[in-house]
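Scroll down for the structure; my scribbles are underneath it.
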Protein chains: 2
Amino acid sequence: MSVPTIKFYVREGLLPAGELTSPNQASYGEAHVRRLRLIRALLDVGGLSVAAIRGVVMAVDDPGRPVHMVLGAATKPLVPRYGREADGGIEEARKTVAGLIEARGWRADPSGPASDALATALVALDELGHGRFVEVLDAYADAAEGVARADLDYVAHHVAREELVESAVVGTVLGDAIFAALRRLAHTDASNRMFGRTEEDGGAE
Amino acid sequence: MSVPTIKFYVREGLLPAGELTSPNQASYGEAHVRRLRLIRALLDVGGLSVAAIRGVVMAVDDPGRPVHMVLGAATKPLVPRYGREADGGIEEARKTVAGLIEARGWRADPSGPASDALATALVALDELGHGRFVEVLDAYADAAEGVARADLDYVAHHVAREELVESAVVGTVLGDAIFAALRRLAHTDASNRMFGRTEEDGGAE
DNA sequence: GATAGTGGCGAGTGCCACTATCCATACTTT
DNA sequence: AAAGTATGGATAGTGGCACTCGCCACTATC
């Protein structure tokens, strides 16, 4: 971690400035190192932009807000922003999403950012000729519930209350990466069973 | 979709040039439109780079190769490239991953890119004080297997053999996005149940 | 026959995550 | 005490990437 980079993060508001002991001497503590690791994790593994990370840390550092609001604010920058404003059929996709939320009994906003992201992805899939994919959406939702349960379980056992928000952010971002990697491995396994290969370089999907 | 952008894609090798009917007139067909949609999906939803997409389409278009090799080549650019070379403890994480693959009986390469990505994420988690997370890794793996089964099921029923490779790419990328969104929704649900909120703006994580 | 569009190509744009340079001051070494 | 080095702060520059512009010769269209 180079010094100029750290200065850059301080300027961008990702990292609090060290406490000045003299006009040109500042001291950094364990909290700074920890924050730095958080930034690197969100940046490298999560692929977040500096602006998004700024949003996250501002929410994490906000002292007086009720927990669930901080959670909302902190995780809002985590859902990726899709460029295109869906050429068409987005309404139908939204209905599908709303129906899923309804059927599952989820207490979630059918017009929130996560629902938007889901609808956008479904539209893209449909445009590529995979409209029938919605038929397996339930299996995905089952898996998502399973993962969410595991996350809650972990949080309940291993996370202190004051670390809750940061843990939620970390878990959301790194959890995505971990699950994606596991899915790749499971796909590789399936593909190799199907086509009868067992070793070699990259591993077929 | 602006004309210069399309010209750019052709130049970058993402999109085959149209068939020239005159020295300066080319005709584009359904295949081009489809390819364009694929590119936009990978770019916008999947967040792939142009270079990665070039790798994908080259593999997809390669006619003579055995299916599993094309699958491997096509999905290789899909696993994200993490910048940092893990400060330490990567060896232990690798062992954890290898152990998981072994325990699951997965036919997957414990030193392939997906395994690498998983190990990197685990290291990052550990550095942030969440080393115990490995305890819930099995639940994640269960979910990943469930999703992979659903994917296979979908492919078996709805995908023609000649579309297999492209579908695998699309499914890998969009599937990630879809699952991530569903996970967000499931988290929102859990959080709202826990903190007793039911509506309002963004949806708390 | 003027306007507008096309293929092809090199160069330019804007955004983003850094990185280099500078300055004045302060700590460290000898 | 003198020399060298490091730090905080600020401004400007770099490189990569996904486009985007402008130019050219030519052609399709009104």
Side-chain angles (χ1 to χ4, degrees), chain A residues 1-29 31-33 35-58 77-85 87 120 124 173 177, chain B residues 1-29 31-33 35-58 77-85 87 120 124 173 177:
Chain A
M1 203 71 285
S2 84
V3 174
T5 302
I6 291 175
K7 294 209 274 187
F8 169 72
Y9 290 158
V10 172
R11 246 179 301 149
E12 293 293 315
L14 308 189
L15 196 59
E19 194 172 346
L20 288 175
T21 59
S22 349
N24 72 335
Q25 225 48 22
S27 75
Y28 301 92
H32 287 86
V33 177
R35 171 57 54 85
L36 210 44
R37 277 205 258 264
L38 173 65
I39 294 171
R40 295 312 312 186
L42 296 183
L43 212 46
D44 290 340
V45 183
L48 295 208
S49 71
V50 166
I53 295 176
R54 180 166 41 234
V56 169
V57 302
M58 270 168 40
L78 301 187
V79 31
R81 211 143 240 55
Y82 299 143
R84 64 124 151 258
E85 258 310 312
D87 313 332
T120 307
V173 171
Chain B
M1 203 71 281
S2 84
V3 175
T5 303
I6 291 174
K7 295 208 275 186
F8 170 73
Y9 291 160
V10 172
R11 243 182 304 162
E12 292 295 316
L14 307 190
L15 196 60
E19 195 172 346
L20 289 174
T21 59
S22 347
N24 73 334
Q25 222 52 16
S27 74
Y28 300 92
H32 286 88
V33 177
R35 170 56 53 86
L36 210 42
R37 276 205 257 267
L38 173 65
I39 293 171
R40 296 312 311 186
L42 297 182
L43 213 45
D44 289 341
V45 183
L48 295 207
S49 71
V50 166
I53 296 176
R54 179 165 45 234
V56 169
V57 301
M58 269 168 39
L78 302 187
V79 31
R81 212 144 241 50
Y82 301 141
R84 66 125 152 256
E85 258 309 315
D87 313 332
T120 306
V173 170

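These numbers were taken from a predicted model, which means no experiment stands behind them.
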For this session: Could I get the full list of side chain to side chain donor-acceptor pair (under 3.5 Å) partners for A/Glu19, not counting sequence neighbours?
Result: none
Problem set entry | Integer-rounded Å distance: D/dT11 P and A/Glu12 CD | 13 Å
For this session: Mind checking ring pair (Phe, Tyr, Trp, His ring centres under 6.0 Å) for A/Phe8 and listing every partner two or more places apart, or none if nothing turns up?
Result: none
Seminar exercise, completed: Smallest heavy-atom separation, A/Leu36 atom then A/Met1 atom, equals CD2-CG, 3.9 Å
For this session: Indicate whether any N or O donor in one side chain lies under 3.5 Å from an N or O acceptor in the other, for B/Arg40 and B/Tyr9.
Result: yes
Exercise. When the distance from CG of A/Leu42 to P of C/dC16 is rounded to whole Å, what number comes out?
Worked result: 17 Å
For this session: Give DNA chain D the dot-bracket treatment, 5' to 3': Watson-Crick (N1-N3 with N6-O4 or O6-N4) or G-U (N1-O2, O6-N3) under 3.5 Å, [ ] crossing, | other strand.
Result: |||||||||||||||||||||||||||||.
Exercise. C/dC16 P sits how many Å from A/Ile39 CD1, rounded?
Worked result: 17 Å
Exercise. B/Leu43 and B/Leu48: which non-hydrogen atoms are nearest, and at how many Å?
Worked result: CD1-O, 3.1 Å
Exercise. Under the side chain to side chain contact (heavy atoms under 4.5 Å, CB included) test, which residues partner B/Ala17, sequence neighbours left out?
Worked result: B/Val10
Problem set entry | Partner residues of A/Ser27 under the side chain to side chain donor-acceptor pair (under 3.5 Å) criterion, sequence neighbours left out | none
Exercise. Taking the side chain as C-beta and beyond, is there a heavy-atom pair between A/Val45 and A/Val173 under 4.5 Å?
Worked result: no
For this session: Establish, with yes or no, whether the OP1 or OP2 oxygen of C/dT6 is under 4.0 angstrom from a side-chain nitrogen or oxygen of B/Tyr28.
Result: no
Seminar exercise, completed: Scoring nucleotides 15-30 of chain D by protein non-hydrogen atoms under 4.0 Å (B base, S sugar-phosphate only, - none) yields ---SBB-----BSS--
